[in-house]
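Please read all numbers here as calculations on a predicted model, not as lab measurements. Sequence lines set the chain letters: A, B, ... in the order given, protein chains first and strands last, and positions in each chain run from 1.
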2 protein chains.
Amino acid sequence: MTGTRMTRNRTAGRPTASLITAQKITLAAQELLSKNGDFTMSQLAKKLGVAPSSLYNHVASRDEVLAGLSDHIAQGISTHELQEAAARVRASDLTARVARNLWVEATASWARSYRTAFSLSPALVTTLAVTPVRNAPGTLGMYEQVTSAFVAFGFTPRDALLTVEALEAFLLGSATDVHAPIDIFDPGQRASSHPTMAEGFAELGNTPQDEAFELGLAALLAGLSTRLP
Amino acid sequence: MTGTRMTRNRTAGRPTASLITAQKITLAAQELLSKNGDFTMSQLAKKLGVAPSSLYNHVASRDEVLAGLSDHIAQGISTHELQEAAARVRASDLTARVARNLWVEATASWARSYRTAFSLSPALVTTLAVTPVRNAPGTLGMYEQVTSAFVAFGFTPRDALLTVEALEAFLLGSATDVHAPIDIFDPGQRASSHPTMAEGFAELGNTPQDEAFELGLAALLAGLSTRLP
DNA sequence: CTGATAAACGAATGTCGTTCGTTTTAGGGT
DNA sequence: ACCCTAAAACGAACGACATTCGTTTATCAG
């Protein structure tokens, strides 16, 4: 099979420099997900210029790719405003009312960043919701920043965690909602037997998901903020 | 190919009475999902005593089975309390404060039923979130009952629909949360570098998801109820 | 009585995630 | 400087799985 010595093209055996890393896999998966809404191990390998089986030298499974990406994305969620706000609360002596407003604004900013980040794919949402934080350092770090900011505002650590969990449910649901078609509530031919739905749908604009998100977020934060001192 | 006439055991050709229906398939899928958390077309066929290919005479695809089940489950969500409450509001002349409390209680009851129903499987959650209601008569009917009750309380149809959408995001997220392990927030070895998470987790009980759900639900409903007259 | 259609079956297909055996090279220990 | 282990690539193969196809048999409309 060998024949004469020729310029070895591109096959077989360990390469001089490693071609891929777990991180490159994560990033490639992110691109595929944002472009196609899904990915296969073959597509991943192709994008990286590698055989599918080679991926398994760096990750254990497709699920692990998903978990890694989930963690990467959680890490990228902006907690800036929350940290700044926490610093202000620790430093100055704000009135309860002002502090509450500050908490609502800063938390809303974090929440919007969270929803946008995870609206990449529904599969990602499920993964995040179910993966223990001890296997996801980026996620854990993000949570630590958020809960410690909440504690600065006067929550106990326990309440901070429960508050985050409640917010998270809303945010993950909202992130999933983003993938629904705009006319998901259109009753179609059944309009006449569902008059309230028909009328309500007719009066929705072109960004019902965004509007419902802002509505729910404001309500949720207002309600949660009453537990602050 | 025939050989002698014998007692035909159980093979080939149209049966005297149809063995399965779309409904039977839906119910079998529900059982598998609640028992195993998942199902395959083969498992479905086996449970129904039928060949996998026979399923396709009644449903177009696995996704359609999921959509049908989602609709079946949505249909089963209890709207009793909401309808009774709406009737009371229409009949008597309650004060705004009492009406608001009534709305909160009735809506909370519906919300709990909703969350419980869809905690059957995360895949079901995604399906519901993304399937247009015009293909899901049971879901549409449930929404009509809820929105028309909301309208009785003084919401405009548009606000009723946006309110339902906001609630739904929270409920679907909460339903997904149910599948998370209890110790999902345990920082493990990383506890020392994440003190707030560590302390918060240590003080959680054995039903953090339920507690976070009730916390978020109360906050959300309190916030949303301020939009009532 | 006779098509046409519904409903079952088994066999086959294509995709996908994953495993295995092989090959080549990098890098640490003597 | 030389091994020898382990890392990292490859292609081939496997087992699931959803789905399609051709065939067979029974029902039902005309």
Distance in angstrom units between [X] [atom1] and [N] [atom2], rounded:
{"X": "B:Leu32", "N": "D:dA18", "atom1": "CG", "atom2": "P", "result": "11 Å"}
{"X": "B:Asp63", "N": "D:dA18", "atom1": "CG", "atom2": "P", "result": "10 Å"}
{"X": "A:Glu64", "N": "C:dG17", "atom1": "CD", "atom2": "P", "result": "15 Å"}
{"X": "B:Leu44", "N": "D:dA18", "atom1": "CG", "atom2": "P", "result": "9 Å"}
{"X": "B:Ile20", "N": "C:dA6", "atom1": "CD1", "atom2": "C1'", "result": "12 Å"}
{"X": "B:Ile25", "N": "C:dA8", "atom1": "CD1", "atom2": "C1'", "result": "13 Å"}
{"X": "B:Phe39", "N": "D:dA18", "atom1": "CZ", "atom2": "C1'", "result": "11 Å"}
{"X": "B:Leu55", "N": "D:dT20", "atom1": "CG", "atom2": "C1'", "result": "14 Å"}

Does a side-chain N or O from B:His58 land closer than 4.0 Å to OP1 or OP2 of C:dA6, or not?
->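 B:His58 to C:dA6 OP1/OP2: no side-chain N or O under 4.0 Å.
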Side-chain N or O of B:Ser54 closer than 4.0 Å to phosphate OP1/OP2 of C:dC9 =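 True: B:Ser54 side-chain N/O within range (under 4.0 Å) of C:dC9 OP1/OP2.
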Below 4.0 angstrom, N of the basic side chain to O of the carboxylate: do [X] and [Y] qualify?
{"X": "A:Glu211", "Y": "B:Arg158", "value": "yes"}
{"X": "B:Asp177", "Y": "B:Arg115", "value": "no"}
{"X": "A:Arg62", "Y": "A:Asp38", "value": "yes"}

Of the listed nucleotides ([options]), which one gets closest to any side-chain atom of [X]?
{"X": "A:Ala51", "options": "D:dG11, D:dA8, C:dA8", "value": "D:dG11"}
{"X": "A:Asn57", "options": "D:dC10, D:dT19, D:dA9", "value": "D:dA9"}
{"X": "B:Tyr56", "options": "C:dT19, D:dT19, D:dA9", "value": "D:dT19"}
{"X": "B:Thr40", "options": "D:dA9, D:dA18, C:dT18", "value": "D:dA18"}
{"X": "B:Met41", "options": "D:dC10, D:dA18, D:dA8", "value": "D:dA18"}

Verify, without hydrogens or angle tests, whether A:Thr26 (side chain) and A:Ala22 (backbone) share a donor-acceptor contact under 3.5 angstrom.
->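 Looks like yes, one N/O pair under 3.5 Å.
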Is B:Ser53 touching bases, backbone alone, or none of the nucleic acid, heavy atoms closer than 4.0 Å?
->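 It contacts base atoms.
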Side chains of A:Thr176 and A:Leu172: closer than 4.5 Å at any heavy-atom pair?
->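 Answer no - side chains too far apart.
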B:Ala17 vs B:Pro52, nearer the 5' end of DNA chain D by closest nucleotide |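 It is B:Pro52 whose nearest nucleotide is closer to the 5' end.
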